[in-house]
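Notes follow the structure.
Note on naming: letters A, B, ... go to the chains in the order of the sequence lines (proteins, then strands), and numbering restarts at 1 for each one. Please read all numbers here as calculations on a predicted model, not as lab measurements.
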Amino acid sequence: MNATGEQPPSEPQQNDQQAFRYTGALAQQIELRWQDWWDEHHTFETPNPAGPLGDPTVREQAKLFVLDMFPYPSGAGLHMGHPLGFTATDIFARYHRMTGKNVLYTMGFDAFGLPAEQYAVQTGQHPAITTDQNIANIRAQLRRLGLSHDPRRSISTTDPDYYRWTQWIFTQIFNSWYDADRKVARPIAELVDEFRSGVRPTPDGRPWADLSPSQQADVLDDHRLAYISEAPVNWCPGLGTVVANEEVTADGRSDRGNFPVFKRNMRQWMMRITAYADRLVDDLDLLDWTDSIKAMQRNWIGRSEGARVHFSSPAGTITVFTTRPDTLFGASFMVLAPEHPLVDALTTPDQAATVAEYRRQASAKSDIARQVEDKTKTGAFTGSYATNPINGEQIPVWIADYVLMGYGTGAIMAVPCGDERDFEFARQFGLPIPAIQQPPASWFAGHGIDPSLDTSTWPQAFVGDAAYVNSANGTLDLNGIVDVATGKRRTNEWLEANGCGEATVNYKLRDWLFSRQRYWGEPFPVVYDESGHAHTLPDELLPLELPPTDSFSPRTFDPDDAMSNPESPLDRLTEWVWVELDLGDGPRRYRRDTNVMPQWAGSCWYELRYCDPTNDQAFIDPEVERYWMGPQPDGRTGGVDLYVGGVEHAVLHLLYARFWHKVLFDLGHVSSPEPYHRLFNQGYILAAAFQDERGMYVDAFGVEERDGKHFFEGRPVTREYGKMGKSLKNAVAPDEVCADYGADTLRLYLMSMGPLDASRPWESKDVVGMLRFLQRVWRNLVDEDTGALRTDLPVLDDATERVLHRTIDGVRNDLENLRFNTAIAKLIELNNHLTKLGGCPREAADRLVLMLAPLAPHLAEELWHLLGHTDTVTYQQFPVADPTLLVDDTIEVPVQVNGKVRSRIMVAADADQATMEATALADPKVQAALGGNAPKKVIVVPGRMVNIVG
RNA sequence: GCGGGCGUGGCGAAACUGGCAGACGCGCAGGAUUUAGGUUCCUGUUCCUCGGAGUGUGGGUUCGAGUCCCACCGCCCGCACCA
């Protein structure tokens, strides 16, 4: 099949192949023609309520904002997962245009990032050039799929007109602080006012005016939502850059490149996302997201309620975090992370060698080893004792690597009778295990031991509600209380009253490491003065464009060289780095920040720019923002109406974007508290992959099947299913399928494979089914010899009219609920009915084509015009079912006897229970099944079925 | 281990609040068209011993269970010594 669909003249037309049969070749001709027509007629341009894209008449029109997770423009182009999600959103967008909504639907490119930079390093070609080429390529692929994007709204995160506003948002975040009392971000100037007026005391209590400008700057920097911190970061020498926690794999390597990652203290940009932890958890309740994604976000944020407890020790106060303050009476030792700052001071001379050796082992232990190893407890005694504040007991202080410096305070109180890890540790090192709860008899029975408070008989720790024992001091008595919640509350009250601790909330979430020592990203709009304080550039100096260079790579190091230090490519551009500016106090020399932002930055707000892509006065016009993103009349708090993308972004992009949006919301720049109201995660496209005896993947398209076994070049291979892609050698390109079958067939196949959220294996041989369906639709209206509308179409009968209305009703329902697979099945059923009729009655043709339009838009447009219409099908009203035609006058209902279907009876649709019962009992098959016995009971569900109990 | 989800024909899957299990598609079988293959069209297609059996297994609730409840088995995704 050649690309233009024209038959080569040397090959005569097959005599049984009609000239206008809907083949892949004809589909291609039709599709390319309509794609040009749509462009020429600006069919998919969506008006705004105001501004340069404005048309005030849409202000009263209902809106719908449909968004895809925008792609990274990789050199490999689109993979099949993209058309899956994109087709779904396109169908949804097209359907809602036909229900009268003003639909915002476009596509942009998340184009900063490592692959383009690495390609540039290899080839010397500027990443902007390869990025533009890749974007052009992907635009062509998207266009071929018939996606109804508004082309005017497309953006690329790498475009200076776009990242000007990414930088501007950064300056907004930098110039804000989180007011923990009001739980909102506020401009930093308001913090200055509070300090100056004395409403808020300064950290050391001195009047604000008494602080030097540098001291004032330090205080403010400590409050900013974007701040520079000497903090533990993930340094990846192999990449020459730091990476965020989220970009480190479970085995301690870089997400990209798979290099070792080391914990190091370094000065880096951070975002204070932890300030929003509670709101990020609580506001999940506002969202129409799946429980699994909400669970992943909650789990990532890791909110847990407990208490901080202060223990005194020779080295000073050791503070621990615990979720079980009620078990403090059972704390018989403490464990600190090996990296805990107090370890040196706690270590006694006789233990110095042991502790040093253990710490050396712990730090040398790679993260992989820590994963692979079993959970056998190791540790070392520091030689020191701390005082348990609740009973005054001296308890030994140990270090062990099962306590993590990065969680809580890096120190725990060990309650071996009530915590399995502490129990194992105590057993391992012969530490005391005092019992503080009386486990129920069933617990002992379950373990086959006699009830006893002698923990040496216990096989494991007891966790749960049970009466406290040995849990009293002079002022607190928990003994006899049986529920843990009360125990916690009473203990917390005691801790606070006695200054030994306080109830608190701990989070797994940590602040977001926001700088990268790379080239292909947004430069920070920041300069440093001679005292080293950061200043953001004023708005009129934005965008701060990436300076040209031909040296794109950061300095990379031996991947195992943990002590190396980052050097950004921008560091080398000394003429750019040093700059003279007047920031309001006269011209001064400043040093620019040489970091760039992480790739996530651009994707944190792109949906807002889609709304108002050409605005050069603001990142978005407030009226436009309220229209597309604001609170809705139905009570929804606003945001994108439907956001479709892969589950791989469940915690990274979706958390960061929610955070930025909330800051913008607090500062009054947007009107909705959440960016994405409804989220839908599409499944993956899987495909069969084949491995030879050595475990190497072989080209899946060269594999032959014989008797259920698979062979590659004569040798047996084993089959598995995996994500379609280059590494498994099983990728099918969307372009090929479009060339062979047409985009409409591809769209239908992708949607018909199963529910949108399910992963499904691609089967090339199945694609033809959807081509045959469209072919039959075509043949039911078009003369395959002439290509003209058929003149022999049957007349519309009542039964067909009813089938049509049922289809309309079902398809509407399915499209609204993203059930495209069943929508397609209903249309096939309708068409099969029409095929038996001998064609599609002219009176039904418009409605058939309109229902097809969202799913197979090119074919629908072609048929729409063959039917004599001159305008695009895009904005036609989607057919509406007549409810009176959805129910038949008489219906067939099954009759069950003792739960088994024995007969079917015809009754009036509105027959009452008595009539149905009488009809059913009169049925000969029913009587036979009853065997002459009188029914004991008859259950009638009007309009549905009869069940007789014999 | 914890959290989320899922088990239905040869395959992808339908069955929305408990009410005719297997819609629709692939594949397969038979037939028509064709010199043939391919294409297209028509008919059939859950399984077997033709009376039944049947939605991972075993219980339960119910007139009635793929759907609800309990236990177990298996698979997928996420997190993982999180105090």
Notebook entry, point to check: Which whole number of Å gives the distance between the P atom of B/G52 and that of B/A29?
Noted result: 32 Å
Next item on the list: Look at the rings of A/Y749 and A/W762 and say which category their plane angle falls in: under 30° parallel, 30 to 60° tilted, over 60° perpendicular.
Entry: perpendicular
Next item on the list: State, without any angle test, whether A/Y402 and A/D422 hold a side-chain donor-acceptor pair at a distance under 3.5 Å.
Entry: yes
Notebook entry, point to check: Which nucleotide sits closest to the side chain of A/N821: B/C41, B/A14, B/G52?
Noted result: B/A14
Item checked: Euclidean distance for C1', B/U33 against B/G25 (whole angstrom) -> 24 Å
Note to self: Rounded to whole Å, please give me the gap between OH in A/Y741 and P in B/C26.
What the structure shows: 12 Å
Check: Mind checking the C1' distance from B/G27 to B/G78? Whole angstroms is fine.
Finding: 36 Å
Notebook entry, point to check: Taking the side chain as C-beta and beyond, is there a heavy-atom pair between A/N832 and A/R776 under 4.5 Å?
Noted result: yes
Check: More than 12 non-hydrogen atoms from neighbouring residues, nucleotides or ligands closer than 6.0 Å to CZ on A/R308, yes or no?
Finding: no
Check: Base, sugar-phosphate, or nothing for A/R298, non-hydrogen atoms under 4.0 angstrom?
Finding: nothing
Note to self: With heavy-atom distances below 4.5 Å as the criterion, would you say the side chains of A/L750 and A/I685 are in contact?
What the structure shows: yes
Next item on the list: Answer with base, sugar-phosphate or nothing: what part of the nucleic acid does A/V941 contact at a heavy-atom distance below 4.0 Å?
Entry: base
What N/O pairs connect the protein and nucleotides 3-12 of chain B at under 3.5 Å? Give each pair on its own line.
| from | atom 1 | to | atom 2 | distance (Å) |
| --- | --- | --- | --- | --- |
| B/G12 | O2' | A/M753 | O | 2.7 |

Next item on the list: Side chain of A/K508 only, please: which of B/G52, B/C24, B/C82 is the nearest?
Entry: B/C82
Notebook entry, point to check: Atom CZ of A/R303 and atom C1' of B/C82: how far apart are they, to the nearest Å?
Noted result: 15 Å
Under 3.5 Å, which N/O atoms of the protein pair with N/O atoms of nucleotides 42-44 of chain B?
none

Next item on the list: Could you tell me whether the side chain of A/E917 reaches within less than 4.5 Å of the side chain of A/V946, counting heavy atoms only?
Entry: no
Checklist line | Distance between C1' atoms of B/A13 and B/C26 (Å, rounded) | finding: 11 Å
Note to self: If the cut-off is 4.0 Å, is A/R779 near the phosphate of B/C41, judged by side-chain N/O to OP1 or OP2?
What the structure shows: yes
Next item on the list: Let me know the distance between OH of A/Y507 and P of B/C79, rounded to the nearest Å.
Entry: 22 Å
Next item on the list: Kindly point out which of B/C79, B/C16, B/C81 is positioned nearest to the side chain of A/Y402?
Entry: B/C81
Check: What's the NZ-C1' distance between A/K826 and B/A15, to the nearest Å?
Finding: 10 Å
Next item on the list: Could you check whether A/N947 gets within reach of a base, just the sugar-phosphate, or nothing at all, counting any heavy atom under 4.0 Å?
Entry: base
Next item on the list: Scan side-chain atoms only and decide if A/Y507 and A/T274 contain a donor-acceptor pair under the 3.5 Å cut-off.
Entry: no
Checklist line | P-based separation of B/C47 from B/C28 [nearest Å] | finding: 16 Å
Check: At under 4.0 Å between heavy atoms, what does A/N506 touch on the DNA or RNA strands: base, sugar-phosphate, or nothing?
Finding: nothing
Note to self: Between B/U8 and B/G56, how far apart are the two C1' atoms, rounded to whole Å?
What the structure shows: 10 Å
Next item on the list: Specify the residue among A/I948 and A/E892 whose closest nucleotide of RNA chain B lies further upstream toward the 5′ end.
Entry: A/E892
Note to self: Do A/N681 and A/L679 have side chains that approach each other closer than 4.5 Å (heavy atoms only, starting at C-beta)?
What the structure shows: yes
Next item on the list: With the side chain of A/Q896 defined as its heavy atoms from C-beta on, choose the nearest nucleotide among B/A21, B/U17, B/A83.
Entry: B/A21
Check: Can you tell which of B/G25, B/C81, B/U40 lies closest to the side chain of A/I828?
Finding: B/G25
Note to self: Need one value for A/D422: base, sugar-phosphate or nothing, where a base atom within 4.0 Å counts as base even if backbone is also close, heavy atoms only.
What the structure shows: nothing
Check: Counting side-chain heavy atoms from CB outward, which of B/G25, B/A21, B/C63 is closest to A/I939?
Finding: B/C63
Next item on the list: Starting from P on B/C26, measure out to CH2 on A/W762 and report it in whole angstrom.
Entry: 15 Å
Next item on the list: Go ahead and name the base partner of B/U34; Watson-Crick or wobble counts if both distances stay under 3.5 Å, otherwise write none.
Entry: none
Item checked: Distance in angstrom units between A/K723 NZ and B/C77 C1', rounded -> 12 Å
Item checked: Mate of B/U67 where both pairing distances stay under 3.5 Å, Watson-Crick or G-U -> none
Next item on the list: Could you state the atom-to-atom distance from CE of A/M413 to P of B/C82 in whole Å?
Entry: 15 Å
Margin query: Please pick, from B/U39, B/A83, B/A21, the nucleotide with the shortest atom-to-atom distance to any side-chain atom of A/T323.
Written below: B/A83
Notebook entry, point to check: Does any nucleotide pair with B/C6 by Watson-Crick or G-U wobble geometry, both distances under 3.5 Å, and what is it?
Noted result: B/G74
Note to self: Using heavy-atom distances to pick each residue's nearest nucleotide on RNA chain B, tell me which of A/F773 and A/D419 is more 5'.
What the structure shows: A/F773
Next item on the list: Examine B/U40: is either OP1 or OP2 under 4.0 Å from a nitrogen or oxygen in the side chain of A/R772? Give yes or no.
Entry: yes
Checklist line | Proximity to the side chain of A/T822 - top-ranked nucleotide from B/A83, B/A14, B/C24 | finding: B/A14
Item checked: Whole-Å gap separating C1' (B/C81) and CE (A/M405) -> 16 Å
Notebook entry, point to check: Using the glycosidic torsion, which applies to B/G51: syn (within 90° of 0) or anti (everything else)?
Noted result: anti
Next item on the list: For the residue pair A/M751 and A/T87, establish whether any side-chain heavy-atom pair is separated by less than 4.5 Å.
Entry: yes
Notebook entry, point to check: Roughly how far apart are A/D923 CG and A/K925 NZ, rounded to 0.5 Å?
Noted result: 6.5 Å
Item checked: Paired nucleotide for B/G1 [Watson-Crick or G-U wobble; both distances under 3.5 Å] -> B/C79
Notebook entry, point to check: Base, sugar-phosphate alone, or nothing: which one does A/K936 contact when heavy atoms must sit under 4.0 Å apart?
Noted result: nothing
Notebook entry, point to check: What does B/U61 pair with, Watson-Crick or G-U, if both distances are under 3.5 Å?
Noted result: none
Checklist line | Evaluation steps, ring-ring contact (aromatic ring centres under 6.0 Å, His included), between A/F425 and A/F333 | finding: CA-CA 10 Å; A/F425 192 83; A/F333 56 100; 5.6 Å; yes
Next item on the list: Would you check if A/V415 and A/S332 make a side-chain contact, meaning some heavy-atom pair closer than 4.5 Å?
Entry: no
Notebook entry, point to check: Which part of the nucleic acid, if any, lies within reach of A/E424 when heavy atoms closer than 4.0 Å are counted: base, sugar-phosphate only, or nothing?
Noted result: nothing
Notebook entry, point to check: What interatomic distance, in whole Å, is found between P of B/A14 and the corresponding atom of B/C68?
Noted result: 16 Å
Item checked: 4.5 Å side-chain heavy-atom contact, A/F820 and A/S752 -> no
Check: If we call it a pair only when both distances are under 3.5 Å in a Watson-Crick or G-U wobble match, what pairs with B/U45?
Finding: B/G27
Check: Taking the same atom, C1', in B/C73 and in B/G22, what whole-Å distance lies between them?
Finding: 25 Å
Checklist line | A/R421 vs B/C82: side-chain N/O to OP1/OP2 distance below 4.0 Å | finding: yes
Notebook entry, point to check: Given side chains that start at C-beta, do those of A/W778 and A/Q775 come closer than 4.5 Å, heavy atoms only?
Noted result: no
Next item on the list: Name the closest nucleotide to the A/N832 side chain, picking from B/U40, B/C81, B/C24.
Entry: B/C24
